[in-house]
Amino acid sequence: MRNLIKKTLHFFLKLGLKLFYLKPRKYSYDDITVIVHPDVFPPQLTISTKILLDFLSLIKLNNKTVLELGCGSGIISLFASKKGATVIATDINQTALEYLKKNSHRNSLKVELIHSDLFNNIENRIFDYIIINPPYYPKIPKNVKEQAWFCGEDFEYFKKLFKQLTNHINTSFNIYMILSEDCKIDYIKVIATKSNLVFDTVLEKKVFGEKNYIFQIKSKTLEPS
Ligand SMILES: C[S@@+](CC[C@H](N)C(=O)[O-])C[C@H]1O[C@@H](n2cnc3c(N)ncnc32)[C@H](O)[C@@H]1O
């Protein structure tokens with residue numbers, strides 16, 4: 001029964017997204033307004049972006065360096081910038097970056113934009129915070145728009161991400177990732193373990209009957225025994 005309700009909800013969500021996103025749409029948070037292109041992840045009809053924004057509102061970001069890995073609309077990057085952080089926003093989707101450039105001017109907020117497949121073009125940078133709202137459905141994305149949702153048939157996005165995190169990332173970074181119970185969290189954790197990374201749950205939030213988690217990703221070797 002629960003599965004049927006979920007499937008029906010997903011059907012209507014997909015239909016709603018399709019109709020809603022026939023043209024660019026606005027999204028606002030804390031007096032920041034962005035115009036979101038139809039080819040970019042929609043924060044309006046999903047809940048993960050808002051949960052991350054509310055979470056970040058509780059963290060002091062003044063004079064901190066923040067990376068939003070896979071920025072989409074960039075509302076999180078702009079919010080971090082408004083809170084006084086130096087912000088680097090990356091995405092594999094050029095349209096997302098073009099729109100974020102316009103949105104950052106529109107809101108008079110500074111964000112450095114870098115086109116990058118995960119850490120490929122940002123390997124030697126130092127960050128205090130890394131914020132990730134990843135694609136997590138196991139399917140091969142057919143185009144760049146679908147990369148906002150699909151992580152590859154065998155979670156290739158996560159395999160590459162965790163490998164890069166271990167190889168290139170300073171262990172003092174605070175890395176936060178949001179995931180929903182709708183995805184294979186346990187399998188993603190197993191992939192992380194293979195790269196010697198562990199997840200600490202820092203937030204659990206139920207919205208419309210779906211549990212969402214923000215995890216802090218840490219190096220296993222630095223964990224107290
Ligand atoms: C779920 S959306 C989240 C967008 C935004 N961070 C938010 O919370 O609203 C995932 C984002 O990751 C980007 N993405 C997917 N694969 C990527 C990759 N390999 N490298 C960089 N960005 C990627 C997508 O284009 C999309 O913008």
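Note that ligands are numbered from 1 as they come in the structure, with each ligand's atoms numbered from 1 the same way. All residue numbers refer to positions in the sequence shown, counting from 1.
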Nearest candidate to atom 2 (S) of ligand 1, where distance is taken over non-hydrogen atoms, out of Y27, W149, F41
F41

Start with the C-alpha distance between S116 and T90, add both sets of side-chain angles, then the distance that settles side-chain hydrogen bond (donor to acceptor under 3.5 Å, both in side chains), and finish with yes or no.
CA-CA 6 Å; S116 180; T90 66; 5.7 Å; no

Residue selection (non-hydrogen contact nearest atom 22 (N) of ligand 1) among I92, I51, L100, L52
I92

Heavy-atom proximity to atom 26 (C) of ligand 1, best of T49, D91, V36
D91

Check whether NZ of the Lys or CZ of the Arg K102 lies under 6.0 Å from the centre of the six-membered ring of Y99 and within 45 degrees of that ring's axis.
yes

What about the rings of Y129 and F173, do their centers lie closer together than 6.0 Å?
no

If I apply the N/O under 3.5 Å rule, does E68 come out as touching ligand 1?
yes

Carefully, step by step, assess Q164 and N120 under the rule side-chain hydrogen bond (donor to acceptor under 3.5 Å, both in side chains).
CA-CA 9 Å; Q164 288 189 330; N120 288 5; 2.8 Å; yes

For the NZ atom on K184, are there more than 12 heavy atoms of other groups (residues, nucleotides or ligands in this structure) within a distance under 6.0 Å?
no

Looking only at the side chains, is there a donor atom on one of Y29 and D54 sitting less than 3.5 Å from an acceptor on the other?
yes

Modelled atom types, side-chain donor and acceptor of S48 and N133, under 3.5 Å:
yes

Quick one: does Y157 get an N or O within less than 3.5 Å of an N or O on ligand 1?
no

Pair listing, salt bridge (charged side-chain N to carboxylate O under 4.0 Å, His left out) test, anchored in residues 157-175, at least two apart
D117-K160, D154-K159

Identify, by atom number and element, the atoms of ligand 1 in contact range of C71, meaning under 4.0 Å from any of its heavy atoms.
4 (C), 5 (C), 6 (N)

Test of proximity, I76 against ligand 1: N or O pairs below 3.5 Å:
no

If hydrogens are left out, which of G70, S116, S77 has an atom nearest to atom 21 (C) of ligand 1, that is, the closest non-hydrogen atom?
S116

Which option, T90, I178, L118, I75, owns the non-hydrogen atom nearest atom 20 (N) of ligand 1?
L118

Check if P43 has a non-hydrogen atom at a distance under 4.0 Å from any atom of ligand 1.
no

So which protein heavy atom does atom 15 (C) of ligand 1 come closest to, and at what separation?
Q147 O, 3.1 Å

V40, L53, N133: member with heavy atom nearest to atom 3 (C) of ligand 1
N133

Please confirm whether the backbone N or O of I175 pairs with a side-chain atom of Q216, one donor and one acceptor, at under 3.5 Å?
no

Atom indices of ligand 1 within 4.0 angstrom of D117 heavy atoms, with elements
18 (C), 19 (N), 20 (N)

Using heavy atoms and a threshold below 4.0 Å, how should the contact between A96 and ligand 1 be classified: side chain, backbone, both, or neither?
neither

